[in-house]
Amino acid sequence: KNEDEGPGRARLPGEPAGIRGSSAASPIPPAPRPSSLVPRPSPLFPYTEGVSDRRLAIGPDAIDLAELARVVSAEDPGSHGAIVTFVGTVRRENKGRRVIRLEYEAYEPLALKAFSIISDEVGERWPTARVAFHHRTGSLAIGDTSVAIAASSPHRTEAFSACRYVIERLKQVAVLF
């Protein structure tokens with residue numbers, strides 16, 4: 001899961017040094033936890049039991065990126081001039097070792113609470129941005145999508161920043177094994 005590593009990867013504008021890989025110090029400090037997270041079952045995504053927000057999901061089902069983009073732009077159509085998406089896939093090599101498949105396990109209620117916290121952090125840092133993200137569990141083959149993120153905002157800078165923030169925070173705090 002070290003998508004950011006590699007000798008040819010250039011730093012993004014405004015990105016601090018040290019963002020490459022999980023061993024580097026994180027440039028994104030943790031935000032305070034919200035005082036109230038009230039999980040409820042979701043009729044739209046049954047594998048997200050415990051969270052009613054269809055923007056956040058974890059489970060074995062394939063991820064619908066177009067649906068994530070619709071979700072982040074549906075609340076106030078036309079108000080967001082940018083939608084940024086990120087799709088993480090299973091690579092065939094990691095740190096010089098061959099990968100056959102990835103197996104993700106998660107305690108879904110805890111993972112969804114972490115997802116809710118990340119979503120709340122985005123709202124605090126970029127109030128005009130909306131994010132949606134889903135992560136798969138189970139056995140994933142090379143090339144399979146493991147995570148997808150959509151972020152929308154009136155302007156592209158906030159949408160890109162929010163999307164990048166979500167993937168970095170997922171790597172830091174999501175309870176996925």
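Since the structure is predicted, the reported quantities are computational estimates derived from the model, not experimental observations.
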Open item on the list: Quick check: closest heavy atoms across His80 and Ser153, and the distance to 0.1 Å?
Closed with: ND1-N, 3.3 Å

Task: Spacing of NE2 belonging to His134 relative to OG1 belonging to Thr145, to within rounding of 0.5 Å - done: 13.0 Å

Open item on the list: Once rounded to the nearest 0.5 Å, what's the spacing between atom CG of Asp64 and atom CZ of Arg70?
Closed with: 5.5 Å

TODO: Might you point out which heavy atoms bring Glu103 and Ser139 nearest each other, and give the distance in Å?
DONE: OE2-OG, 3.4 Å

- [ ] I would like to know whether Val99 and Arg91 meet side chain to side chain contact (heavy atoms under 4.5 Å, CB included); could you show each step before the answer?
- [x] CA-CA 7 Å; Val99 174; Arg91 292 182 303 209; 5.8 Å; no

Open item on the list: Please say yes or no: joined through hydrophobic side-chain contacts below 4.5 Å, possibly via intermediate residues, are Val84 and Phe133 part of one cluster?
Closed with: no

Task: Contact summary for Ala148 and Ile63, nearest pair of heavy atoms - done: CB-CG2, 3.5 Å

- [ ] Can you establish whether the number of heavy atoms outside Arg92 located under 6.0 Å from its atom CZ is more than 12?
- [x] no

Open item on the list: Salt bridge check, Arg164 against Glu168: does any charged N sit closer than 4.0 Å to a carboxylate O?
Closed with: yes

TODO: Tell me whether Ile167 is reachable from Trp126 by hopping between hydrophobic residues (I, L, V, M, F, W, Y) whose side-chain heavy atoms are closer than 4.5 Å.
DONE: yes

Open item on the list: To the nearest 0.5 Å, what is the distance between CD1 on Ile118 and NZ on Lys113?
Closed with: 14.5 Å

Task: Nearest-0.5 Å distance, CG of residue Leu112 to CD1 of residue Ile117 - done: 11.0 Å

Open item on the list: Between Val147 and Val173, is there shared hydrophobic-cluster membership here, with clusters defined by ILVMFWY side-chain heavy atoms closer than 4.5 Å?
Closed with: yes

Task: Pairwise distance CD(Glu105) to CD1(Ile58) - rounded to 0.5 angstrom - done: 11.0 Å

TODO: Answer with yes or no whether the hydrophobic clustering places Val72 together with Phe86; edges join I, L, V, M, F, W, Y residues whose side-chain heavy atoms lie under 4.5 Å apart.
DONE: no

- [ ] Go through the steps for Arg55 and Val131 under the test side chain to side chain contact (heavy atoms under 4.5 Å, CB included), then give the verdict.
- [x] CA-CA 7 Å; Arg55 297 174 309 126; Val131 293; 4.2 Å; yes

Open item on the list: So which atom in Ala151 and which in Ala159 form the shortest heavy-atom distance, rounded to 0.1 Å?
Closed with: CB-O, 3.4 Å

Open item on the list: Please determine whether residues Val71 and Ile83 belong to a single hydrophobic cluster, defined as Ile, Leu, Val, Met, Phe, Trp and Tyr linked transitively by side-chain heavy-atom distances below 4.5 Å.
Closed with: no

Task: Minimum heavy-atom distance Ser79-Arg130, with the two atoms named - done: OG-NH1, 4.2 Å

TODO: Please report the shortest heavy-atom distance between Ile149 and Leu68, naming the atom on each side.
DONE: N-CD1, 4.3 Å

Task: Interatomic distance, Thr128 atom OG1 to His155 atom NE2 [nearest 0.5 angstrom] - done: 7.0 Å

